[in-house]
Amino acid sequence: MDLQAFTNSRYGVALALFLARSLPPWAGYWVGRRLANLIYRFRHSTIVQAVRVNQYVVSRGKLRGAALEARVRQVLHHGARCQYDFYHYLADPQAIRAKVHLDEKALDLIQRSQKAQRGVVVVAPHLSNFDLGMLAMGYSGLQALVLAIASPTSGYQWQNEIRQRSGLEVTPIGPDTLRDALRRLRQGGVVATGVDRPVPGKKETLTFFGRPAALPVGHVRMAMDAQVPIQVISISMTPDGQYHLRLSEPIEMEQTGDRKRDIRANAQQVLAEVEAHICQHPEQWLMYYPVWPDALQELT
């Protein structure tokens, strides 16, 4: 059974939506933990292997054996809870705004997006309930173009349609959308995208948690071309089950005239901030693709 394909399919999303809508929180969290435990039993599935190797590298190789396996289960449990919360509160904007606390920088970004002041590229790692956080921003008035993965599966496409209910404009990455994104940035708009999902077949790598990683740099190119900064946004769950969304200080793009060198230097500066966000809550980093596939051999 290909767990990755099923969870990303329309059927997987439909099942998550049905359970979240049908069950109260206490029951939904209980079912979510049981499903997470079931997924963990497929120890050699792509999802479990990805979480294992990613958490191993983030720990700088300190997590091994039973401690690493406990962390893998913790990540899967957290991911299940986030999925339940996302689909359970989906149709209730007021509940979403109450569930997600926005820090002062996030509120300032919302105001700036409405006034079309200086543009900014917002990048997000897959920390905790980032989807619920984006809905909270949208329902609070954020005007932004969200760049999603190119060629989305049926499940991803459905999720993109759901995200647009909050007022955000979500579109898969492509030549036309990138040109539109650049135009918006130059006109003072906000463009948001992911930053930590590996790019298959990418030859040039960046350094992430001390190791080479095939991560995207398109957000850096856009920011440099539009002469706007980048801000890292992340969300984390607090012990009381609430979510806290925070935004980094603007990261200005360095431009020395050596474009290749500048793209790499700026990308590394952004990744350093992303690392800091992940390190605060590594057990909430829901990256289900192996960022460092070569490290898998160290765990065998």
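FYI, side chains are in, hydrogens and waters are out, and symmetry mates aren't considered; it's all heavy atoms of this structure. Residues: numbered from 1 along the sequence shown.
Summarising the geometry, atom OH belonging to Tyr89 is positioned 9.0 Å from atom CG belonging to Leu132; distances are rounded to the nearest 0.5 Å. A distance of 10.0 Å separates CH2 in Trp285 from SG in Cys279, rounded to the nearest 0.5 Å. In this structure, the separation between CG on Leu271 and CG on Leu206 is 5.5 Å, given to the nearest 0.5 Å. Atom CZ of Arg246 is separated from atom CG of Leu102 by 14.0 Å, given to the nearest 0.5 angstrom. In this structure, CG on Leu90 lies 12.0 Å from CG on Asp85, to the nearest 0.5 angstrom. Atom NE2 of His219 is separated from atom CD1 of Ile263 by 10.5 Å, given to the nearest 0.5 angstrom.
Considering all non-hydrogen atoms of both residues, Pro198 and Pro290 come closest at CG-O, 3.7 Å. The minimum heavy-atom distance linking Arg118 with Val228 is given by the pair NH2-CA, 3.9 Å. What you find for Tyr243 and Thr238 is that their closest heavy atoms are N-OG1, 4.5 Å. Shown here for Ala181 and Leu147, the closest heavy-atom pair between the two residues is CB-CD1, 4.3 Å. Contact record, Asp262 with Gly257: OD2-N, 3.3 Å, taken as the closest heavy-atom pair. The heavy-atom pair separating Val51 from Met287 by the smallest distance is CG2-O, 4.1 Å.
Using cut-offs of 30° and 60° on the angle between ring planes, the pair His126 and Phe130 is perpendicular. Between Tyr84 and Tyr29, the ring-plane angle classifies as perpendicular under the 30° and 60° cut-offs.
Using a 4.5 Å heavy-atom cutoff, the side chains of Glu283 and His281 are in contact. No side-chain heavy atom of Leu286 sits less than 4.5 Å from a side-chain heavy atom of Leu127. Two residues are said to be in side-chain contact when any heavy atoms from C-beta on lie closer than 4.5 Å; Val121 and Pro229 fail this criterion. Between Val75 and Gln284 the shortest side-chain heavy-atom distance does not fall below 4.5 Å. The side-chain heavy atoms of Ile235 and His244, taken from C-beta on, include no pair separated by under 4.5 Å. Within the 4.5 Å cutoff, no side-chain heavy atoms of Gln231 are placed close to those of Ile251. The shortest side-chain heavy-atom distance between Thr193 and Val191 does not fall under the 4.5 Å cut-off. By the 4.5 Å heavy-atom criterion applied to side chains, Leu247 and Leu109 are counted as neighbours.
Sequence neighbours left out, the pairs with a member in residues 177-186 that pass salt bridge (charged side-chain N to carboxylate O under 4.0 Å, His left out) are Glu169-Arg184, Asp176-Arg179, Asp180-Arg183, Asp180-Arg184.
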Checklist entry - After noting the C-alpha distance and the side-chain angles of Leu145 and Val190, does the key distance pass the side chain to side chain contact (heavy atoms under 4.5 Å, CB included) rule? => result CA-CA 6 Å; Leu145 173 65; Val190 176; over 6 Å; no

Next on the checklist: Checking Trp292 against Val58 for the side chain to side chain contact (heavy atoms under 4.5 Å, CB included) test, could you report, in this order, the C-alpha distance in whole Å, the side-chain angles of both residues, the deciding distance, and whether it holds?
Outcome noted: CA-CA 10 Å; Trp292 303 274; Val58 167; 4.3 Å; yes

Item to check | side chain to side chain contact (heavy atoms under 4.5 Å, CB included) between Leu245 and His101, intermediate numbers included | outcome: CA-CA 6 Å; Leu245 187 146; His101 170 75; over 6 Å; no

Item to check | Stepwise side-chain hydrogen bond (donor to acceptor under 3.5 Å, both in side chains) test for Arg21 and Tyr87 | outcome: CA-CA 7 Å; Arg21 292 284 182 84; Tyr87 290 115; over 6 Å; no

Next on the checklist: side chain to side chain contact (heavy atoms under 4.5 Å, CB included), that's the test. Do Ile278 and Phe208 meet it? Break it down for me.
Outcome noted: CA-CA 11 Å; Ile278 292 174; Phe208 192 40; 3.9 Å; yes

Next on the checklist: Does His78 form a side-chain hydrogen bond (donor to acceptor under 3.5 Å, both in side chains) with Ser128? I'd like the steps, not just the answer.
Outcome noted: CA-CA 7 Å; His78 184 71; Ser128 195; 2.8 Å; yes

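Within the 3.5 Å criterion, the main-chain N or O of Met224 finds a donor-acceptor partner in the side chain of Gln255. For His88 (side chain) and Ala20 (main-chain N/O), a donor-acceptor pair under 3.5 Å exists by modelled atom type. For the pair Lys115 (side chain) and Ile110 (backbone), a donor-acceptor distance under 3.5 Å is absent. Thr207 places no side-chain N or O within 3.5 Å of a backbone atom of Gly210 that could act as its donor or acceptor partner. Checking side-chain atoms of Ser248 against main-chain N and O of Val232 turns up a donor-acceptor pair under 3.5 Å. Side-chain atoms of Gln242 never come within 3.5 Å of backbone atoms of Met237 as a donor-acceptor pair (strictly under, hydrogens ignored). No donor-acceptor pair under 3.5 Å is formed between the side chain of Asp108 and the backbone N or O of Glu104. A distance-only check finds no donor-acceptor pair linking the side chain of Gln143 to the backbone of Gly189 [under 3.5 Å].
Around atom CD of Gln227, no more than 12 heavy atoms belonging to other residues, nucleotides or ligands sit under 6.0 Å away. For Glu204, the CD atom sits in a loose shell: 12 or fewer heavy atoms of surrounding residues, nucleotides or ligands are nearer than 6.0 Å.
Hydrophobic clustering, with ILVMFWY side chains joined whenever heavy atoms are under 4.5 angstrom apart, groups Leu296 together with Leu68. Follow the hydrophobic side-chain contacts under 4.5 Å out from Leu182 and you never reach Val146; the two are in separate clusters. Val199 and Ile173 are not part of a single hydrophobic cluster, where members link through side-chain heavy atoms under 4.5 Å apart.
Taking 4.0 Å as the cut-off between side-chain N and carboxylate O, Glu254 and Arg264 do not count as a salt-bridged pair. Taking the charged nitrogens against the carboxylate oxygens, Glu298 and Arg211 do have a contact shorter than 4.0 Å, which makes a salt bridge. Salt-bridge annotation for Arg259 and Asp225: present, with a side-chain N of the basic residue lying under 4.0 Å from a carboxylate O of the acidic one.
Stacking of Arg60 on the aromatic ring of Phe209 is not recorded, the 6.0 Å distance cut-off and the 45° axial limit not both being met.
If you check the side chains of Tyr289 and Asn54, you find no donor sitting under 3.5 Å from an acceptor. A donor-acceptor contact closer than 3.5 angstrom links the side chains of Arg52 and Gln49.
Under the side chain to side chain donor-acceptor pair (under 3.5 Å) criterion, Lys105 pairs with Glu249, not counting sequence neighbours.
His277 pairs in a side-chain hydrogen bond (donor to acceptor under 3.5 Å, both in side chains) with only one of the listed residues (Glu273, Glu275, Gln280), which is Glu273. Residue Glu69 is tested with Gln74, Gln55, Arg43 for a side-chain hydrogen bond (donor to acceptor under 3.5 Å, both in side chains); the sole match is Arg43.
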